[in-house]
Amino acid sequence: MLRIRNLKCFYGQIMAVKGITLSVREKEIITLIGANGSGKSTLMAAISGLLPSWSGEIRFEENDLKGMDPPAVVKAGISLVPEGRLIFPPMSVYDNLVLGAYTMLRSKARNEVQASMAAVFDLFPILKERCSQPAGTLSGGEQQMLAIGRALMAKPRLLLLDEPSMGLAPMLVEKIMGVLLTLREKGLTILLVEQNARAALSVADRGYVFETGSIVLEGAADDLLSDTNVKRAYLGKDYEEFDDEN
Ligand code: ATP
């Protein structure tokens with residue numbers, strides 16, 4: 001569904017992503033894990049059309065994403081839930097959601113917007129309750145639900161999530177990861193960037209490990225969870241337990 005070949009991303013002269021190749025098949029949950037600054041968000045920005053300076057190939061279904069701007073990428077079927085959520089705090093929950101459907105608004109498909117909104121409220125009933133409340137007054141977990149809901153409003157086939165667990169209590173992280181499984185059951189394909197490697201690998205089918213702009217390891221999520229290097233670098237506590245036992 002998504003095929004990336006020899007992708008290099010640049011900020012001026014600096015190469016932040018150094019020739020990566022990865023693929024995502026339909027209905028997979030794929031996670032990218034790696035330390036701060038390893039290039040995960042840069043990759044998400046390149047796929048979303050937010051970072052124009054890249055070389056290599058990004059293909060989504062029959063589309064070549066080279067040169068596509070963010071609205072065109074959304075229309076092609078990819079939505080991003082950005083790092084830090086980036087909701088609009090003074091605007092109501094409802095208006096934040098409507099903004100997520102702006103590509104449909106332009107084509108005047110109002111019924112589709114209402115149908116998308118109903119599906120989001122089905123998934124996150126709390127957002128319906130808080131519909132007219134300013135988004136900035138929601139709790140952190142509710143804001144993350146709103147950010148996911150907003151991305152879903154455009155009816156994507158591929159959902160990109162950049163660190164959805166950031167700043168959330170463990171119970172909420174579990175809830176968000178559960179939502180990703182539900183979305184996959186509904187037919188979505190998911191590419192998930194996470195610092196919380198344990199949570200991400202527990203729902204993912206496969207994963208890629210990033211280090212300073214390169215992929216250093218890839219494989220089935222279960223294999224990565226039991227990989228000694230992954231344990232040492234990204235699953236600290238587990239590794240200590242592993243060490244004690246051995
Ligand atoms: P984090 O988990 O902290 O978000 P990340 O893996 O997503 O990290 P990126 O944000 O993609 O990493 O950053 C990759 C590299 O690119 C880093 O060295 C970072 O300093 C650099 N970088 C990111 N954004 C810019 C920018 N706008 N201008 C210049 N350099 C940037």
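Each residue takes its place number in the sequence, starting with 1.
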Quick one: are [X] and [Y] in side-chain contact, heavy atoms under 4.5 Å?
| X | Y | value |
| --- | --- | --- |
| Leu99 | Asp95 | no |
| Asp227 | Leu225 | no |
| Pro156 | Ile78 | no |
| Leu2 | Ile58 | yes |
| Ile33 | Phe210 | no |
| Glu112 | Lys155 | yes |
| Leu159 | Leu183 | yes |
| Ser38 | Glu211 | no |

More than 12 foreign heavy atoms under 6.0 Å from CD of Glu174: is that the case here?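 Not more than 12 within 6.0 Å, no.
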Check whether Glu28 reaches the backbone of Arg25 with its side chain - one donor and one acceptor, N or O, closer than 3.5 Å. yes
Taking Ala154's backbone N and O only, do any of them form a donor-acceptor pair with Ser79's side chain (distance below 3.5 Å, no angle check)?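 Between the backbone of Ala154 and the side chain of Ser79 there is no qualifying donor-acceptor contact (under 3.5 Å).
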Could you tell me which residues satisfy side chain to side chain donor-acceptor pair (under 3.5 Å) with Thr42, sequence neighbours excluded, listed by chain and number?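 For Thr42, the residues satisfying side chain to side chain donor-acceptor pair (under 3.5 Å) (neighbours in sequence not counted) are Tyr11.
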With Arg59, which residues qualify under side chain to side chain donor-acceptor pair (under 3.5 Å), at least two apart?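 None.
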Thinking salt bridges, do [X] and [Y] make one under a 4.0 Å N-O criterion?
| X | Y | result |
| --- | --- | --- |
| Arg206 | Glu218 | no |
| Glu142 | Arg130 | yes |
| Glu61 | Arg157 | yes |

Nearest-0.5 Å distance, [atom1] of residue [X] to [atom2] of residue [Y]:
| X | Y | atom1 | atom2 | value |
| --- | --- | --- | --- | --- |
| Ile4 | Thr21 | CD1 | OG1 | 9.0 Å |
| Ile190 | Leu180 | CD1 | CG | 4.5 Å |
| Met44 | Leu50 | CE | CG | 11.0 Å |
| Ser116 | Asn111 | OG | CG | 11.0 Å |
| Asp64 | Arg3 | CG | CZ | 10.0 Å |
| Asn229 | Lys231 | CG | NZ | 11.5 Å |

Side chain to side chain contact (heavy atoms under 4.5 Å, CB included) evaluation trace for Leu160 with Ser48: CA-CA 9 Å; Leu160 312 177; Ser48 315; 3.6 Å; yes
Sole residue of Lys66, Lys8, Arg5 in salt bridge (Lys or Arg N to Asp or Glu O under 4.0 Å) with Glu57: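 Checked Lys66, Lys8, Arg5 against Glu57; only one passes salt bridge (Lys or Arg N to Asp or Glu O under 4.0 Å): Arg5.
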Side chains of Ser165 and Glu194: donor-acceptor distance under 3.5 Å anywhere? yes
Looking at Thr31, Leu161, Ile29, Ile47, which hits side chain to side chain contact (heavy atoms under 4.5 Å, CB included) with Leu191? Ile47
